[in-house]
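Structure, as structure tokens:
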Amino acid sequence: NAGVTQTPKFRVLKTGQSMTLLCAQDMNHEYMYWYRQDPGMGLRLIHYSVGEGTTAKGEVPDGYNVSRLKKQNFLLGLESAAPSQTSVYFCASKAGYTGELFFGEGSRLTVL
Amino acid sequence: SQQGEEDPQALSIQEGENATMNCSYKTSINNLQWYRQNSGRGLVHLILIRSNEREKHSGRLRVTLDTSKKSSSLLITASRAADTASYFCATDINQAGTALIFGKGTTLSVSS
């Protein structure tokens, strides 16, 4: 049982480039989330989804877009990467609205 | 601004001692959760306490919740070197409980 899988695990971008982070979960969870983690800042919620075809903004949504075309996948896109988006990105999912989050292992992104 | 704030930011203890971490939050919640993160890894769920509960135990973990003070504490008894990690509290950001907001975390170091 893979749980939550993030790809890629590492990526280096130049300022202005675009990329997509993929999150896949095999637990049939309704809810999926993207967080970023920066030193001294803890985790901050970027966007989330409460079901296939839905998305909602979190604490720090600017500069990111997301899509949930399939229940098992949640994509995080950066249209024009900036050095301020250098971070570790975590995807998570949960079954119900009061459930625990299951996290992926993270994707480390560096924007030069 | 973040919902939950942990205190202290860092804690160093000897094996066998107890470790206590505190979390304060700002608005009413449905439940509060505690997570653990080993260095370089994703977060792992430890325990969930609902707003109508005052105390909960799981193995060496004891969590309390005081909704009147908007605070929670996590006690790890008889700490081990393997407990070295960062610990985060998380609270839901809306009444639907669809998204969790994390604090900045407490870094626990247990030396043998």
Side-chain angles (χ1 to χ4, degrees), chain A residues 2-7 9-10 21 23-25 27 29-52 54-61 66 68 74 87-108, chain B residues 1-10 21 23-53 56 58 61 63 65 85-107:
Chain A
V4 178
T5 303
Q6 295 182 227
T7 53
K9 289 183 172 48
F10 301 93
L21 297 176
C23 176
Q25 53 93 5
M27 297 172 282
H29 285 172
E30 287 292 335
Y31 301 85
M32 296 187 74
Y33 306 85
W34 277 107
Y35 292 89
R36 60 177 288 174
Q37 185 174 33
D38 303 293
M41 296 297 294
L43 277 81
R44 290 181 290 172
L45 180 63
I46 304 171
H47 286 281
Y48 64 101
S49 169
V50 300
E52 182 178 313
T54 74
T55 62
K57 294 180 180 180
E59 300 174 276
V60 289
V66 288
R68 182 96 181 271
F74 195 30
S87 188
V88 181
Y89 292 85
F90 286 97
C91 177
S93 70
K94 65 173 177 166
Y97 77 97
T98 59
E100 66 180 89
L101 289 174
F102 292 82
F103 280 84
E105 289 297 305
S107 296
R108 184 175 296 276
Chain B
S1 60
Q2 290 176 281
Q3 166 78 309
E5 293 291 338
E6 291 89 346
D7 171 64
Q9 291 186 344
M21 289 158 266
C23 170
S24 60
Y25 57 92
K26 299 174 182 175
T27 61
S28 61
I29 59 173
N30 294 315
N31 61 68
L32 185 144
Q33 303 184 32
W34 285 91
Y35 288 79
R36 165 192 170 130
Q37 184 182 33
N38 288 354
S39 181
R41 305 297 299 274
L43 280 73
V44 175
H45 180 262
L46 293 176
I47 195 165
L48 180 153
I49 186 165
R50 302 191 188 283
S51 59
N52 61 355
E53 297 176 311
K56 202 162 183 180
S58 177
L61 304 180
V63 169
L65 179 64
S86 292
Y87 293 82
F88 297 88
C89 68
T91 54
D92 39 35
I93 62 170
N94 54 44
Q95 286 302 309
T98 51
L100 292 181
I101 298 295
F102 286 80
K104 295 181 180 180
T106 293
T107 299

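Lettering of chains follows the sequences in order, A, B, ..., and the numbering in each one begins at 1.
Remark: A:Lys9 pairs with no residue by the side-chain contact (heavy atoms from CB on, under 4.5 Å) rule, at least two apart or across chains. Remark: A:Gln25 pairs with A:Val4, A:Met27, A:His29, A:Met32, A:Arg68, A:Ser93 by the side-chain contact (heavy atoms from CB on, under 4.5 Å) rule, at least two apart or across chains. Applying the side-chain contact (heavy atoms from CB on, under 4.5 Å) rule to B:Glu53 yields the partners B:Ile49, B:Arg50, B:Lys56; only residues at least two apart in sequence or on another chain are considered.
The minimum heavy-atom distance linking A:Gly42 with B:Phe88 is given by the pair CA-CE2, 4.0 Å.
A heavy-atom distance below 4.5 Å is found between the side chains of B:Ile101 and A:Glu59.
Only the side chain of A:Tyr35 comes within less than 4.5 Å of a heavy atom in chain B; its backbone stays farther off. Contacts of A:Gln37 with chain B are made by side-chain atoms alone, with heavy-atom separations under 4.5 Å and no backbone atom involved.
Environment of CD in A:Glu52: crowded, with over 12 heavy atoms of neighbouring residues, nucleotides or ligands closer than 6.0 Å.
Scanning residues 31-40 of chain B against chain A with a 4.5 Å heavy-atom cutoff picks out B:Asn31, B:Gln33, B:Tyr35, B:Gln37, B:Gly40, ordered by number.
When each of B:Val44, B:Leu100, B:Leu43 is paired with A:Leu101, the side-chain contact (heavy atoms from CB on, under 4.5 Å) condition holds for B:Leu100 and for no other.
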